[in-house]
Peer 1: 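Pasting a structure below so you can have a look.
To find a chain, count down the sequence lines: A is the first, B the second, and so on, and within it residues start at 1. All values reported here derive from a predicted model rather than from experimental measurement.
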Amino acid sequence: MTYNYAYFPGCSQVGSAEEYGLSTLTVCKKLGIELAELQDWNCCGASSAHMTDEFLSFALPARNLALARKTGLDLLVVCAACYSRMNAAKARINSDKGLCEEISEAIGANPLFEGRIRHLLDVIVNDIGVAEIKKHVKKDLSGIKAVPYYGCLLVRPREFCFCDSTENPTDLDRLISALGVEVRKWSYKTDCCGGSLSLSRNDIVQKLVNRIFEEAFKSGADLIVTACPMCQANLEMRQRPGKLRFKLVHHMPVVYFTEILGLAMELEGWREWLKAHLISPKPLLEKIDSGGVG
Amino acid sequence: MLTSVTRIEKEIEARTEEKARLCYQCKKCAAGCPVSFAMDLLPHEIMNCVCRGMDERVLTSSTIWLCAACETCSVRCPNGIDIAGVMDALRSISLERHYPPAEPHVTAFHRSFLAGIRGTGRTNEPVLIGIYKLLSRRLLDDIGLGAKMIAKGKIKPVPRFVKDRSVIRRIFKAAKTRVRT
């Protein structure tokens, strides 16, 4: 079965999270998910728009929704923040006629998008299914212990949550466990890492990030798997400075679910993706390569 | 049906359809808030101040800028108040009424983020970081980290642009000139 989607990569996936973008394209190709990238898409405005200017927070994603409307396809998004903002804009524009007209005038196009906005994790786990994914697995990852990290915007607000729970989701758990990875239990799956304050109040963010790592260590994991480029960047950037203030020395890699999928399916490029990480997953990979995982 | 009484309560309701008055001070929002340890007013105290018409106290609080918009409070509120949405409204109102922000670095970050989009249509890390360093005057922050990110290709030296930048300009112009109904 093939799946066709209009694709909104989002700024991170061609910038600081390029490995997420590349692994997404490779994994989708392998699984028969056909992606048509929106032509000349723009930034959704992310946190800064919705925190300071309501109109911008709807009008910026609206231009992308207008582009998606023309394709007649459902829209696929991989960034948790883009996913949240596109859904919020769609919900508001489709229910507020006045705002819809105002935005139409500004962008010179119709932003009414009737299709669905999907996150790649949702499509892989809930449409394709873990049973199908299992058939593609070539590399034995048993022995890797990982915790799934959902962060905020995959599960909140409730209206846009595709996971089975907002407090204890298991979608990502089921996926990585299908790859043979041992999923460790922890209570910080959906705790905020403070991504939006990462540059401006890194003192606060370090506390949040270090608590997440301490809990991941306590659970016995040696890897964090995520589906959000903001979380990934923030967790990598802010765990090192913590060395000076906290007893634990953190060197736990944080990878995207698409990267670990690519690794398990032995898709071309996975070594290159992992090289782009600030905290190298290399020691873990050496264990896999030598067959002595565990 | 509860009716909004104070000016700021009405303003929040007009923007978000949320009624702060529904809050019965159970403090569930404060208990689950990841950033509460750094806030000068806890989320339930914000709701209380809003209902008492303490505009200035709320709009000059550090809380509205430290809220990370994680929405944990919104999904847990027993009265279904979208507290994170109320925080969004309070930030906008605070800027529109020209209150000095209690967290100038946070507002500098948001201004930098939006200025970058206005110029290029996209978010480009070097543009965002460059403008932020100028606005916040924190030139030397994270220099080592920045160097490492450039070496790893996490910060791309050449920014990417949307081709149709006139439409991005029109969006920002409309946001600036629109009349709030």
Peer 1: Count the heavy-atom pairs under 4.5 Å between each of A:Ser48, A:Ala17, A:Gly195 and chain B, then report the option with the highest count.
Peer 2: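 Of A:Ser48, A:Ala17, A:Gly195, A:Ser48 has the most heavy-atom pairs under 4.5 Å with chain B.
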Peer 1: Salt bridge or not between A:Arg211 and A:Glu214? Use side-chain N to carboxylate O under 4.0 Å.
Peer 2: no
Peer 1: I want to check something: taking the side chain as every heavy atom from C-beta on, are B:Phe109 and B:Leu135 in contact at a cut-off of under 4.5 Å?
Peer 2: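 No, side chains not in contact.
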Peer 1: Can you tell which part of A:Leu208 gets under 4.5 Å to a heavy atom of chain B, answering side chain, backbone, both or neither?
Peer 2: side chain
Peer 1: Identify which part of B:Lys156 has an atom lying under 4.5 Å from any heavy atom of chain A, answering side chain, backbone, both or neither.
Peer 2: side chain
Peer 1: Looking only at heavy atoms and a cut-off of under 4.5 Å, which of B:Leu90, B:Leu114, B:Asp82 has the most pairs with chain A?
Peer 2: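 With the most close heavy-atom pairs to chain A, the winner is B:Leu114.
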Peer 1: Under a 4.5 Å heavy-atom cut-off, does chain A meet the side chain of B:Ser136, its backbone, both or neither?
Peer 2: neither
Peer 1: Start with the C-alpha distance between B:Thr63 and B:Asp40, add both sets of side-chain angles, then the distance that settles side-chain hydrogen bond (donor to acceptor under 3.5 Å, both in side chains), and finish with yes or no.
Peer 2: CA-CA 6 Å; B:Thr63 299; B:Asp40 55 358; 3.1 Å; yes
Peer 1: Measure distances from B:Ser74 to the heavy atoms of chain A and classify the residue's part below 4.5 Å as side chain, backbone, both or neither.
Peer 2: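 No part of it gets close to chain A.
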Peer 1: Report which part of B:Ala69 has an atom under 4.5 Å of a heavy atom belonging to chain A: side chain, backbone, both, or neither.
Peer 2: both
Peer 1: Go through B:Arg111, B:Arg76, B:Lys173 and name the one with the most non-hydrogen pairs under 4.5 angstrom from chain A.
Peer 2: B:Arg76
Peer 1: With only heavy atoms counted, which part of A:Arg158 is less than 4.5 Å from chain B, the side chain, the backbone, both or neither?
Peer 2: both
Peer 1: Taking only Lys NZ, Arg NE, NH1 and NH2, and the carboxylate oxygens of Asp or Glu, determine whether B:Glu103 and A:Arg201 approach each other closer than 4.0 Å.
Peer 2: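 Salt bridge between B:Glu103 and A:Arg201, a charged N being under 4.0 Å from a carboxylate O: yes.
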Peer 1: Looking only at heavy atoms and a cut-off of under 4.5 Å, which of A:Ser47, A:Gly194, A:Gly45 has the most pairs with chain B?
Peer 2: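 Top count of heavy-atom pairs under 4.5 Å with chain B: A:Gly45.
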Peer 1: Tell me, side chain or backbone of B:Arg160 under 4.5 Å from chain A's heavy atoms, or both, or neither?
Peer 2: side chain
Peer 1: Specify whether B:His110 and B:Trp65 have parallel, tilted or perpendicular ring planes, treating 30° as the upper limit for parallel and 60° as the lower limit for perpendicular.
Peer 2: tilted
Peer 1: Quick one: which of B:His105, B:Arg122, B:Lys152, B:Arg91 has the most heavy-atom pairs under 4.5 Å with chain A, could you say?
Peer 2: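 Ranked by heavy-atom pairs under 4.5 Å with chain A, first place is B:Arg122.
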Peer 1: Set out, in order, the CA-CA distance, both residues' side-chain angles and the distance that settles side-chain contact (heavy atoms from CB on, under 4.5 Å) for A:Arg156 and B:Thr72, then state yes or no.
Peer 2: CA-CA 7 Å; A:Arg156 294 185 291 266; B:Thr72 306; 3.4 Å; yes
Peer 1: So which residue, B:Asp141, B:Thr16, B:Leu66, ends up with the most heavy-atom pairs under 4.5 Å with chain A?
Peer 2: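 Highest number of pairs under 4.5 Å: B:Leu66.
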Peer 1: A:His119 and ring pair (Phe, Tyr, Trp, His ring centres under 6.0 Å): which partner among A:Phe8, A:Tyr150, A:Phe162, A:Phe160?
Peer 2: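 Single ring pair (Phe, Tyr, Trp, His ring centres under 6.0 Å) partner of A:His119 among A:Phe8, A:Tyr150, A:Phe162, A:Phe160: A:Phe162.
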Peer 1: Please tell me if the side chains of A:Val255 and A:Trp270 come closer than 4.5 Å, counting only heavy atoms from C-beta onward.
Peer 2: no
Peer 1: If only atom types and distance count, is the side chain of A:Lys189 paired as donor or acceptor with the main-chain N or O of A:Pro169 below 3.5 Å?
Peer 2: yes
Peer 1: If I measure from the heavy atoms of chain B, does A:Leu153 come under 4.5 Å with its side chain, its backbone, both, or neither?
Peer 2: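 The side chain, not the backbone.
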Peer 1: Sort A:Asp40 into side chain, backbone, both or neither according to what part of it lies under 4.5 angstrom from a heavy atom of chain B.
Peer 2: both
Peer 1: A:Val205 versus chain B, heavy atoms under 4.5 Å apart: side chain, backbone, both or neither?
Peer 2: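 Neither part.
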Peer 1: Select, from A:Ser200, A:Ser12, A:Gly98, A:Ala49, the one with the greatest count of heavy-atom pairs under 4.5 Å involving chain B.
Peer 2: A:Ser200
Peer 1: Side chain, backbone, both or neither: which part of B:Phe37 has a heavy atom under 4.5 Å from chain A?
Peer 2: side chain
Peer 1: Checking A:Glu167 against chain B: side chain, backbone, both or neither under 4.5 Å from a heavy atom?
Peer 2: side chain
Peer 1: For the pair B:Asn124 (side chain) and B:Gly116 (backbone), establish whether a donor and an acceptor sit closer than 3.5 Å, ignoring hydrogens and angles.
Peer 2: no
Peer 1: Got a donor-acceptor contact below 3.5 angstrom from the A:Asn234 side chain to the A:Cys193 backbone?
Peer 2: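 A pair under 3.5 Å: yes.
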Peer 1: So which residue, B:Cys70, B:Gly144, B:Ser94, ends up with the most heavy-atom pairs under 4.5 Å with chain A?
Peer 2: B:Cys70
Peer 1: Do B:Phe113 and B:Ile131 have side chains that get closer than 4.5 Å, going by heavy atoms?
Peer 2: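 They are not in contact (no side-chain heavy atoms under 4.5 Å apart), so the answer is no.
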Peer 1: Given the rule in the side-chain contact (heavy atoms from CB on, under 4.5 Å) test, do B:Glu45 and B:Met39 qualify, once you have shown the distances and angles that lead to the verdict?
Peer 2: CA-CA 11 Å; B:Glu45 292 172 333; B:Met39 291 173 164; over 6 Å; no
Peer 1: What residue in B:Leu145, B:Leu95, B:Asp164 has the most heavy-atom pairs under 4.5 Å with chain A?
Peer 2: B:Leu145
Peer 1: Less than 4.5 Å to any heavy atom of chain A: does that hold for the side chain of B:Ile171, its backbone, both, or neither?
Peer 2: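 Interface part for B:Ile171: both.
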Peer 1: With a 3.5 Å distance limit and no angle check, can you tell me whether A:Tyr20 reaches the backbone of A:Trp273 through a side-chain donor-acceptor pair?
Peer 2: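 No, because the side chain of A:Tyr20 does not come within donor-acceptor range (under 3.5 Å) of the backbone of A:Trp273.
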Peer 1: Under 4.5 Å between any side-chain heavy atoms of A:Glu259 and A:Gln232, yes or no?
Peer 2: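 Heavy-atom side-chain distance check fails, nothing below 4.5 Å.
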Peer 1: Heavy-atom pairs under 4.5 Å with chain B: which of A:Glu105, A:His50, A:His277 has the most?
Peer 2: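 Most heavy-atom pairs within the cutoff with chain B belong to A:His50.
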Peer 1: Using salt bridge (Lys or Arg N to Asp or Glu O under 4.0 Å), reason through B:Arg15 and A:Glu54 one step at a time and then give a plain yes or no.
Peer 2: CA-CA 9 Å; B:Arg15 287 168 193 249; A:Glu54 192 192 25; 5.7 Å; no
Peer 1: What part of A:Ile212 lies closer than 4.5 angstrom to a heavy atom of chain B: side chain, backbone, both or neither?
Peer 2: neither
Peer 1: With a 4.5 angstrom heavy-atom cut-off, is it the side chain or the backbone of A:Leu197 that approaches chain B, or both, or neither?
Peer 2: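 Only the side chain of A:Leu197 comes within 4.5 Å of chain B.
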Peer 1: For chain B, which of A:Ser196, A:Cys152, A:Cys11, A:Ser16 has the most heavy-atom pairs under 4.5 Å?
Peer 2: A:Ser16
Peer 1: Check each atom of B:Glu125 against the heavy atoms of chain A and say whether the ones under 4.5 Å are side chain, backbone, both or neither.
Peer 2: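 It is the side chain, since no backbone atom gets that close.
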